[in-house]
Amino acid sequence: MNYLEMEEMLKIIRRGCAEIISEAELREKIKPGVRLKIKYGADPSSPDIHLGHTVVLRKLRQLQEWGHTVQFLIGDFTGMIGDPTGRSTTRPPLSQEQIMLNAQTYQEQVFKILLPEQTEVVYNSAWCNAMNFTEVVRLAARYTVARIMERDDFEKRFREGRPIGLHELLYPLIQGYDSVVLKSDIELCGTDQIFNCLVARSLQQDFGQSPEVIIALPLLEGLDGVQKMSKSLGNYVGVTDPPQEMFGKLMSIPDNLMFKYFELLTDIELGSLEQIRRDLKANNLHPRKVKADMAGRIVSQYHGEKAAQLAVQEFDRIFRDRELPADIPEKIIAAANLKDGKIWIINLLYEMGLVATKAEGQRMVCQGAVLINQEKVIDHRQDVLIKNGLVVQIGKRKFGRIRIV
RNA sequence: GGACAGGUGGCCGAGCGGUCAAUGGCAACAGACUGUAAAUCUGUCGGGCGCAGCCCUACGUAGGUUCAAAUCCUUCCCUGUCCA
């Protein structure tokens with residue numbers, strides 16, 4: 001590898017990165033013909049991989065394409081503790097079964113991005129469960145309370161008088177110890193994990209190993225544009241979300257987030273991204289179009305070009321042109337609920353499962369959200385005459401076609 | 001072990017005997033507008049009842065005082081601060 005190739009490679013690695021600790025060490029490690037071990041720790045607290053995770057996964061994939069091996073670590077042991085990272089409250093621990101179930105779906109989803117033949121899946125319970133109490137205490141002796149408390153979320157919780165479980169302080173150590181066991185050369189993580197990775201470096205040196213290089217990627221804000229994307233906040237796009245939902249969710253991000261999504265979630269060249277930015281500023285390009293382009297590219301990565309196109313068409317049809325979607329799920333209404341072919345509008349919505357409670361149904365009607373065959377229902381006391389095939393709609397996103405049985 | 005403070009709706013947070021299904025903010029949902037499930041503005045936001053009303057369940061847990069309790073008392077559980 002000559003100088004230019006090295007620079008080119010580093011440029012690709014740097015794309016979208018928040019921090020590399022350190023680049024000099026990285027240059028040392030990346031040598032032609034050397035297959036590096038690249039660790040990535042996954043937290044199995046939720047079963048779905050979302051686009052936030054893919055920021056790191058995509059970077060791992062890039063490294064795999066240069067021949068390196070990914071150590072995909074499933075933190076089943078740490079899951080039982082509950083990762084305190086970024087949390088202002090203690091996380092409830094998960095049951096063993098739940099973790100294993102999550103780990104399973106994780107693995108299925110992760111290979112939408114990673115290359116399976118260059119991925120080694122490991123569980124940290126394999127060595128953590130084998131440790132006895134003496135070993136745990138000795139490990140704990142390698143670090144100090146002051147250094148652990150440097151961690152932002154601990155420090156903050158402590159200062160604010162919020163509880164911190166003693167076990168939570170152990171979390172960075174365990175995670176660091178994983179790197180020792182795996183003899184990782186590089187670790188990829190989100191910026192919220194940098195502290196843990198630094199502990200890993202320190203422990204590795206203690207154990208006579210060369211410290212891992214940390215490549216930290218930014219945390220992706222979720223659909224609300226403020227909080228980081230996470231399942232528990234419900235502001236995420238799952239990699240298994242159906243094309244249309246994926247597209248819709250991506251269209252709902254605030255405009256100012258488009259470029260970040262472009263950079264971190266698509267392969268668009270940074271040059272053309274700059275061009276888009278200029279065109280947008282000069283009013284040569286409509287923001288909606290840019291966002292749709294971004295969303296379309298991402299959908300096609302997970303569902304293919306054709307599905308993405310369909311999703312775009314469907315989106316325009318429903319939200320821009322205000323027409324009915326192509327596929328409307330059928331909802332069954334028991335004939336026994338009818339009186340002279342009629343049913344109270346509130347009961348209809350409830351029976352169709354379009355509202356969770358009848359009170360909600362009433363609210364929807366009063367707010368003018370309910371349409372039957374495109375016609376607004378005004379009176380919540382109304383009995384409606386129904387027949388097969390009638391389309392009932394609440395708002396812009398809930399549809400059902402009546403089928404009387 | 002002791003002293004003190006606190007536990008309220010999905011979250012944050014007011015209320016501290018009746019007018020409390022509980023102010024306000026966030027989130028969510030709906031409407032208007034538009035360029036979208038963006039932004040902005042407006043409204044809704046425990047449940048049941050064919051419903052301008054009535055009823056049920058909710059303010060850590062279990063009891064109690066009272067005509068009346070989220071509000072007062074007691075038990076227990078949980079959290080924090082300080083002292084030991």
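Reminder, nothing fancy here: chain letters follow the sequence lines and each chain counts from 1.
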Provide the Watson-Crick or G-U wobble partner of B:rA5, both distances under 3.5 Å; none if there is no partner. B:rU79
Stepwise, does the side-chain hydrogen bond (donor to acceptor under 3.5 Å, both in side chains) test hold for A:Thr105 with A:Asp48? CA-CA 7 Å; A:Thr105 58; A:Asp48 288 315; 5.4 Å; no
Residue A:Gln362, side-chain heavy atoms: nucleotide from B:rA37, B:rG35, B:rC51 that is nearest: B:rC51
Should A:Leu270 and A:Glu263 count as side-chain neighbours, where that means a heavy-atom distance under 4.5 Å? yes
Short N-O contact, A:Arg151 and A:Asp153, less than 4.0 angstrom: yes
Among residues 296-319 of chain A, which residues get a heavy atom nearer than 4.0 Å to RNA chain B? A:Phe315, A:Phe319
Around atom CG of A:Asp379, are there more than 12 heavy atoms of other residues, nucleotides or ligands at under 6.0 Å? yes
What is the per-nucleotide protein-contact pattern of nucleotides 76-84 of chain B, from the 5' end, where B denotes a base atom under 4.0 Å from a protein heavy atom, S denotes such proximity for sugar-phosphate atoms only, and - denotes neither? ---SS----
A:Arg320 has its side chain closest, among B:rG31, B:rU36, B:rA30, to B:rU36
Under the rule syn = chi within 90° of 0, otherwise anti, which is B:rC51? syn
Base partner of B:rA84, which must satisfy Watson-Crick or wobble distances under 3.5 Å: none
Options B:rU36, B:rC49, B:rA30, nucleotide nearest the side-chain atoms of A:Lys291: B:rU36
Say you pick atom C1' in B:rA62 and the same atom in B:rG80; how far apart are they, in whole Å? 24 Å
When rounded to whole Å, the CE to P distance for the pair A:Met258 and B:rA38 reads 14 Å
Nearest-neighbour nucleotide for the A:Arg322 side chain, B:rG35, B:rU34, B:rA38 considered: B:rU34
Does any nucleotide pair with B:rG53 by Watson-Crick or G-U wobble geometry, both distances under 3.5 Å, and what is it? B:rC49
Sub-4.0 Å heavy-atom contacts from residues 324-339 of chain A onto RNA chain B, ordered by number: none
Does B:rA21 have a Watson-Crick or wobble partner in any strand here, with both distances under 3.5 angstrom, and which is it? none
Sugar-phosphate, base or nothing in reach of A:Arg159, heavy atoms under 4.0 Å: nothing
Verify the contact: side-chain N or O of A:Arg363 to OP1 or OP2 of B:rG47, cut-off strictly under 4.0 Å; return yes or no. yes
Opposite nucleotide pairing with B:rG31, Watson-Crick or G-U, both atom distances under 3.5 Å: B:rC41
By the 4.0 Å heavy-atom rule, please label A:Glu360 as base, sugar-phosphate, or nothing. nothing
Mind calculating the distance between CE (A:Met294) and C1' (B:rA38) to the nearest angstrom? 11 Å
Flag the pair A:Arg58 and A:Asp267 as a salt bridge only when some basic side-chain nitrogen lies within less than 4.0 angstrom of an acidic carboxylate oxygen. yes
For RNA chain B, the residues among residues 390-398 of chain A that have a non-hydrogen atom under 4.0 Å from it: A:Gly395, A:Lys396, A:Arg397
Value rounded to 0.5 Å, distance of OG1 in A:Thr191 from NZ in A:Lys228: 8.5 Å
CD of A:Gln227 versus P of B:rA28: gap in Å, rounded? 10 Å
Using a strict cut-off of less than 4.0 Å between a Lys/Arg side-chain nitrogen and an Asp/Glu carboxylate oxygen, indicate whether A:Glu7 and A:Arg27 qualify as a salt bridge. yes
A:Ser252 side chain near B:rA38 phosphate (N/O to OP1/OP2, under 4.0 Å): no
Between atom CD1 of A:Ile345 and atom CD1 of A:Ile378, what is the distance when rounded to the nearest 0.5 Å? 11.5 Å
Have a look at A:Met251 and say if it touches a base, only the backbone sugar-phosphate, or nothing, with a 4.0 Å heavy-atom cut-off. base
B:rC55 to B:rG6 separation - C1' atoms, rounded to the nearest Å: 35 Å
Ion pair A:Glu168/A:Arg157, N-O distance below 4.0 Å: yes
Under 4.0 Å, heavy atoms only, any strand: does A:Gly368 hit a base, just the sugar-phosphate, or nothing? sugar-phosphate
Does A:Arg297 pair with A:Asp293 as a salt bridge, N-O distance under 4.0 Å? yes
In whole Å, what separates the C1' atom of B:rC56 from that of B:rG2? 45 Å
Distance test, side-chain N/O of A:Lys358 to OP1/OP2 of B:rG47, below 4.0 Å: no
Please identify which of these residues, A:Glu28, A:Arg201, A:Lys29, meets the side-chain hydrogen bond (donor to acceptor under 3.5 Å, both in side chains) condition with A:Ser210. A:Lys29
For atom C1', what is the distance between B:rU65 and B:rC26, given to the nearest Å? 39 Å
List in numerical order all residues of residues 272-287 of chain A for which some heavy atom is under 4.0 Å away from an atom belonging to RNA chain B. A:His286, A:Pro287
If you take atom types as modelled and just measure distance, does the side chain of A:Gln367 reach the base of B:rG31 with a donor-acceptor pair under 3.5 Å? no
Contact class for A:Gln382 (heavy atom, under 4.0 Å): base, sugar-phosphate, or nothing? base
Applying the 3.5 Å cut-off to both distances, the Watson-Crick or G-U partner of B:rG63 turns out to be B:rC73
To the nearest 0.5 Å, atom CD of A:Gln64 lies from atom OG1 of A:Thr119 at 4.0 Å
In whole angstrom, give me the gap between the P atoms of B:rG46 and B:rC11. 14 Å
Give me the distance, rounded to whole Å, that separates B:rG63 from B:rC12 when you measure between the P atoms they each carry. 27 Å
Sequence neighbours left out, what passes side chain to side chain contact (heavy atoms under 4.5 Å, CB included) with A:Leu324? Give chain and number order. A:Ile328, A:Gln374, A:Val391, A:Gln393, A:Phe399
